[in-house]
Amino acid sequence: MGQNDSDMKASFAKVIAKSWNDPAFKERLMSDPKAVLAESGVSVPEGVDVNVYESTKQKWALVIPPAPASGELSDEALGGAAGGINVYCCCC
């Protein structure tokens, strides 16, 4: 059974928090993200590529998620696009 959106976001938040506090974990996450995510309870489907980017004060990372199938944003997605959330997982 797959993770629901809420569980996935919580799992990613834990991985991000751990990467802030554990340099060795962060290094492993950046070099082998699929393995580290799996160890952290995040299921990555076969055939899915995972890239990890680190934002800094001088370098920002912007992820453009896939467009919704209907072409319209839900209220939840619109809230996220307007800055309503801090973490967005494009695979959720």
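The analysis underlying the following values was restricted to heavy atoms, covering all of them including side chains, and did not include hydrogens, waters or symmetry mates. Counting from 1, the numbers follow the sequence of the chain as shown.
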Asks: Quick one: pull up CE in M30 and CG in N51 and give me the separation to the nearest 0.5 Å.
Replies: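 Interatomic distance, M30 CE to N51 CG, rounded to 0.5 Å: 10.5 Å.
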Asks: Quick one: list whatever passes side-chain contact (heavy atoms from CB on, under 4.5 Å) with K18, sequence neighbours left out.
Replies: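 Only D22, F25 meet the side-chain contact (heavy atoms from CB on, under 4.5 Å) criterion with K18.
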Asks: Can you give me the closest heavy-atom contact between V52 and L29, atom names plus distance?
Replies: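 So the two residues come closest at CG2-O, 3.7 Å.
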Asks: Tell me, please, which residues at least two apart from A61 pass side-chain contact (heavy atoms from CB on, under 4.5 Å).
Replies: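 Expected list: Y53, S55.
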Asks: Between atom OG of S40 and atom CD1 of I16, what is the distance when rounded to the nearest 0.5 Å?
Replies: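 The CD1 atom of I16 is 11.0 Å from OG of S40, to the nearest 0.5 Å.
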Asks: If you look at every heavy atom in V50 and P33, which pair is closest and at what distance?
Replies: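 Minimum heavy-atom separation between V50 and P33: O-CG, 3.5 Å.
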Asks: Hey, could you give me each pair passing side-chain hydrogen bond (donor to acceptor under 3.5 Å, both in side chains) that has a residue in residues 23-39? Not counting sequence neighbours.
Replies: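 Residue pairs passing side-chain hydrogen bond (donor to acceptor under 3.5 Å, both in side chains), neighbours aside: K26-E54, R28-E39.
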